[in-house]
Engineer: 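Starting off with a structure, shown below.
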2 protein chains.
Amino acid sequence: MVRPTMEDVALRAGVSRALVSLVMRGSPKVSELRRSAVLKAAEELGYSPHAMARSLASRTSTVLGVMVSDLHNAFFAEVVDGIDEVAREQGFDVIINTGGRSPARERRALESLLSFRPAGLILLSPVVPATAIGKAAEQLPVVLVARSSRVSDVDTVNDDGEVGARLAVDHLVSLGHQRIAHLDGGEGTQAGPRRRGYVAAMEAHGLVPQVVSSEYTDAAGARAIRSLITSDALPTAILSCNDFNAVGAISALEDAGLRVPHDVSVVGYDNTSLAALRHVSLTTIDQPRAEFGRLAADALLQRVREERTEPVRHLLTPSLVVRSTTAPPGGPR
Amino acid sequence: MVRPTMEDVALRAGVSRALVSLVMRGSPKVSELRRSAVLKAAEELGYSPHAMARSLASRTSTVLGVMVSDLHNAFFAEVVDGIDEVAREQGFDVIINTGGRSPARERRALESLLSFRPAGLILLSPVVPATAIGKAAEQLPVVLVARSSRVSDVDTVNDDGEVGARLAVDHLVSLGHQRIAHLDGGEGTQAGPRRRGYVAAMEAHGLVPQVVSSEYTDAAGARAIRSLITSDALPTAILSCNDFNAVGAISALEDAGLRVPHDVSVVGYDNTSLAALRHVSLTTIDQPRAEFGRLAADALLQRVREERTEPVRHLLTPSLVVRSTTAPPGGPR
DNA sequence: TTACAGCATTAGAGCGCTCCAACCAATAGA
DNA sequence: TCTATTGGTTGGAGCGCTCTAATGCTGTAA
């Protein structure tokens, strides 16, 4: 249970500790002879460098900290994929941490990440107050994903929810729909832009917006539909705030004996793996999630390398994915 | 961007660095006077201890490394919840890392985790070869979750797939089914025990097992059902290897004009959040995932504290969750 | 008075590494 | 011949902290 140190390797290879350090960092100014001797000794001893000692001594870090607000949401997994890809390419390691959607836990997670003195921090849809983010940003570069922020000196990466909602409305209108309701995401992140985009797109088409208050869950989607049916205000098409909400809406419609998309078309938002299941096959709005991650990592590394000090705000364009839950009013021709 | 050190705090508080260290670690042998002076100075400077320097100097670590083979799978998120809970209680921090189901990437992830010299390592369903695990286990305590192993000195936490499969079969038989097929998980982890449990349970009931080769995806589940229909060998009930497979199976059944559960009952495995969606409402087998995490963390911490050296093998009992995809043959009475 | 606890406090070494300046051939240039 | 130059190598300081042993300082007993 005791790991060899550089000293041990140096002793075995018959060189100085400094030389071993050079070899480990792949310096070109080491003779082939010594290099192989060192590598051999390291191999035999099962040596691998101590990242913390290294970072302490060099006063630099090759670690990027990532705080994921909710590990249960596959959305973040794909963002992490993108981060990982870029980080690996550029020789950085990624450590992840989760806040479980609770501000208190998230704060602790942030502290914990910070205590490793990483080169930078990426926060995925954090729920901690902006002040906590600002404080972190004073100590190291910080990038926010899926949460906008007015904190200066923080880069952000978001999707353009207004465009996404417009894409959905345009699609439904082009199918011939005129009565299109939006089940909105209430206080949820990004609910605002989606709602605004929906309203703007409806008005642009000369149609009357119908915003129904709802939430990001399937139960809420079902509830919203039931209330629409009860009040006899059911439209021919629904734009949900996200995929879960849409699936709940579909269930409630089917429970009421209505067919999707024959009687009512439904569009989700996020293109989660759920939407792609053949049993669901939901028309939805896709966000370039891996791209989110790549851009976030790029932005962070630019700051880490001090290539940029001005904050950057990425706003990515979502796209429409047509599956089987949308059709012209009255059903597919 | 430069963080204050202990020295700075000591200077400001008019004490020695060692005293600040004692205060930071909550030592009782510090006078109230000095303690408050130190805390005040630390507060004013925005000081927080440098975890790496601390761990280097003390030759101990309060970090648990967790390698998640696949971040996209919500199964692991719940296990991490359990780990997190126990770790937090006992004053340990958790850092996560992912291998993306690729042995090469996973190996790198392992290296990276190891380079932080954590107190111990938890591997969630790793795909790296056993030798790599064994090598890690020589350096620090290692716990394996959702992967059995014959490596000595490694603790494991698994669910009893044989019991789970038996629960499902018993449930179907009690509903009156006799022709029950199993869509199996092929080479996937835990597919073996589930298949064995199914076969054993069928035989215990005096029924003929019918194992159909399949995989852990919804497309594979659909394919298996189509082949059963084509070959006219469709049973009255299906036990899928997991929930995704089950959802695919349901889609294919519905495509063929069959109703679930009226014509065919379907049982999944894992009780993912997918199964709980009202649109799906899948009868399935639940594994105590958070409990997996808690037990794994407990086992690891026991070893970290050197309270135990003998390996421990946890085998947890799954349970049946009845929803709407199972009914007596011919449909609900 | 001296001795001796008992307690709070501190100096200093050292954790495993990096980095700088110095060093030492060996070769090239004058 | 002597002086630069170059490429490879090394000692030693120091990163921010912990830990041990030693220090100073009371107060009490002899």
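Chain letters run A, B, ... following the sequence lines, proteins first, then strands; residues in each count from 1. Please read these numbers as outputs of a predicted model, since none were measured by experiment.
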Engineer: Taking only residues two or more places apart in sequence, or in another chain, which ones meet A:Glu291 in a side chain to side chain donor-acceptor pair (under 3.5 Å)?
Structural biologist: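 Once residues adjacent in sequence are excluded, the partners of A:Glu291 under the side chain to side chain donor-acceptor pair (under 3.5 Å) criterion are A:Arg294.
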Engineer: Ignoring backbone atoms, establish whether A:Arg34 has a side-chain N or O less than 4.0 Å from OP1 or OP2 of D:dT9.
Structural biologist: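 Checking A:Arg34 against D:dT9: at least one side-chain N or O falls below 4.0 Å of OP1 or OP2.
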Engineer: If you round to the nearest 0.5 Å, how far is CD of A:Gln287 from OG1 of A:Thr272?
Structural biologist: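 So the gap between those two atoms works out to 10.5 Å.
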Engineer: Are any side-chain N or O atoms of A:Arg25 and backbone N or O atoms of A:Ser27, one a donor and one an acceptor, separated by less than 3.5 Å?
Structural biologist: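 No: the side chain of A:Arg25 does not pair with the backbone of A:Ser27.
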Engineer: Output the rounded distance in Å from CG (B:Leu33) to C1' (C:dC7).
Structural biologist: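 It is 15 Å, rounded to the nearest whole Å.
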Engineer: Where along residues 109-116 of chain B does a heavy atom fall under 4.0 Å from DNA chain D?
Structural biologist: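 None, since no heavy atom is under 4.0 Å.
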Engineer: Taking N or O atoms only and anything under 3.5 Å, show me the protein contacts with nucleotides 23-28 of chain C, one pair per line.
Structural biologist:
none

Engineer: Show me, pair by pair, the donor-acceptor contacts under 3.5 angstrom made by side chains of residues 113-126 of chain B, not counting sequence neighbours?
Structural biologist:
residue	atom	partner	partner atom	Å
B:Ser115	OG	B:Ser112	O	2.7
B:Arg117	NH1	B:Leu114	O	3.3
B:Arg117	NH2	A:Ser48	O	2.9

Engineer: Side chains of residues 86-96 of chain A: which donor-acceptor partners sit under 3.5 Å, not counting sequence neighbours?
Structural biologist:
residue	atom	partner	partner atom	Å
A:Arg88	NH1	A:Asp84	OD2	3.4
A:Gln90	OE1	A:Arg305	NH1	2.6
A:Asp93	OD1	B:Arg108	NH2	3.1

Engineer: What do the steps show when you test B:Ser21 against B:Met6 for side chain to side chain contact (heavy atoms under 4.5 Å, CB included), and what is the final call?
Structural biologist: CA-CA 7 Å; B:Ser21 172; B:Met6 227 169 221; 3.8 Å; yes
Engineer: Roughly how many Å is it from CG in B:Leu19 to P in D:dA22, rounded to a whole number?
Structural biologist: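 Roughly 20 Å, once rounded to whole Å.
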Engineer: Give the B/S/- string for nucleotides 16-21 of chain D, one per nucleotide from 5' to 3', where a protein heavy atom under 4.0 Å of the base yields B, of only the sugar-phosphate yields S, and otherwise -.
Structural biologist: BBBB--
Engineer: Do the non-hydrogen side-chain atoms of A:Phe76 and A:Phe292 ever get within less than 4.5 Å of each other?
Structural biologist: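 They are not in side-chain contact.
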Engineer: So do the side chains of B:Glu106 and B:Arg101 get within less than 4.5 Å of each other, counting heavy atoms only?
Structural biologist: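 The answer is no, as the side chains (C-beta and beyond) never meet within the 4.5 Å cut-off.
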Engineer: If I take atom NZ from residue A:Lys29 and atom CG from residue A:Leu19, how far apart are they, to the nearest 0.5 angstrom?
Structural biologist: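 Rounded to the nearest 0.5 Å, the NZ-CG separation comes to 12.0 Å.
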Engineer: Within a strict 4.5 Å, meaning less than it, do heavy atoms of the A:His314 and A:Asn158 side chains meet?
Structural biologist: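 No, every pair of side-chain atoms sits at 4.5 Å or beyond.
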